[in-house]
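Below is one structure; the comments refer to it alone.
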Amino acid sequence: MGDEYLLIKEGELTVRFENEEHELVSGDALHFSGNTSHSYINSSEEEASFFLLMHYPES
């Protein structure tokens with residue numbers, strides 16, 4: 001089981017997982033299980049940048 005932590009630095013980003021979409025903007029943060037199917041979408045014309053920490057502990 002792993003975790004992902006996301007912090008939006010600039011722009012807008014949509015994160016899709018578990019049949020949900022989360023619209024994030026600069027300063028927003030999100031934590032979710034990295035073991036779920038997920039995707040990152042920049043649906044704006046502006047560049048988006050973000051920090052992503054992935055933690056997958058050894059079994």
Side-chain angles (χ1 to χ4, degrees):
M1 181 76 59
D3 293 299
E4 295 195 18
Y5 302 85
L6 180 68
L7 174 63
I8 307 302
K9 182 179 175 189
E10 294 178 312
E12 302 174 13
L13 193 69
T14 302
V15 180
R16 184 180 297 156
F17 64 91
E18 294 183 350
N19 298 321
E20 295 179 10
E21 286 192 358
H22 301 270
E23 303 285 335
L24 305 174
V25 297
S26 180
D28 286 346
L30 185 65
H31 166 238
F32 59 94
S33 172
N35 295 329
T36 61
S37 177
H38 59 278
S39 59
Y40 304 101
I41 304 155
N42 180 357
S43 52
S44 75
E45 293 185 20
E46 299 294 319
E47 219 175 80
S49 64
F50 56 93
F51 299 100
L52 176 63
L53 172 66
M54 300 168 60
H55 179 250
Y56 290 87
E58 294 182 33
S59 301

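None of these values were measured; they are calculated from a predicted model. Only heavy atoms go into these numbers, but all of them, side chains included; no hydrogens, no water, no symmetry mates.
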Tell me whether V15 shares a hydrophobic cluster with V25, the cluster being built from Ile, Leu, Val, Met, Phe, Trp, Tyr side chains joined at under 4.5 Å.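 No, it is not one cluster - the side chains of V15 and V25 are not joined through contacts under 4.5 Å.
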Grouping I, L, V, M, F, W and Y whenever their side-chain heavy atoms are under 4.5 Å apart, do I8 and L53 come out in a common cluster?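 Different clusters: I8 never reaches L53 through Ile, Leu, Val, Met, Phe, Trp or Tyr contacts under 4.5 Å.
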With E10 via salt bridge (Lys or Arg N to Asp or Glu O under 4.0 Å) - residues at least two apart: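 With sequence neighbours excluded, E10 shows a salt bridge (Lys or Arg N to Asp or Glu O under 4.0 Å) to no residue whatsoever.
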Should L24 and L6 count as side-chain neighbours, where that means a heavy-atom distance under 4.5 Å?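 A side-chain contact under 4.5 Å exists here.
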Answer whether the closest heavy-atom distance between the side chains of H31 and D3 falls below 4.5 Å.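 Yes, side chains in contact.
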Got a sec, which hydrophobics cluster with F51, joining ILVMFWY side chains under 4.5 Å apart, including via others?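 Answer for F51: L7.
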Any residue meeting side chain to side chain contact (heavy atoms under 4.5 Å, CB included) with S43, in chain and number order, not counting sequence neighbours: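 Listed in chain order: T14, I41.
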Interatomic distance, L30 atom CG to Y5 atom OH [nearest 0.5 angstrom]: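 Output value for this atom pair is 11.5 Å.
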Which pairs, with at least one residue in residues 17-29 and sequence neighbours excluded, count as a salt bridge (charged side-chain N to carboxylate O under 4.0 Å, His left out)?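 Passing the test, one end in residues 17-29: R16-E21.
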Summary of salt bridge (charged side-chain N to carboxylate O under 4.0 Å, His left out) pairs that have at least one residue in residues 36-54, sequence neighbours excluded: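 Found none.
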Return the minimal non-hydrogen interatomic distance between G2 and P57, and the atom names on each side.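 Taking G2 first and P57 second, the nearest heavy atoms are CA-CD, 4.5 Å.
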Can you list the residues that meet the ring-ring contact (aromatic ring centres under 6.0 Å, His included) rule with F17, with sequence neighbours excluded?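 Residues passing ring-ring contact (aromatic ring centres under 6.0 Å, His included) with F17: H22, F32.
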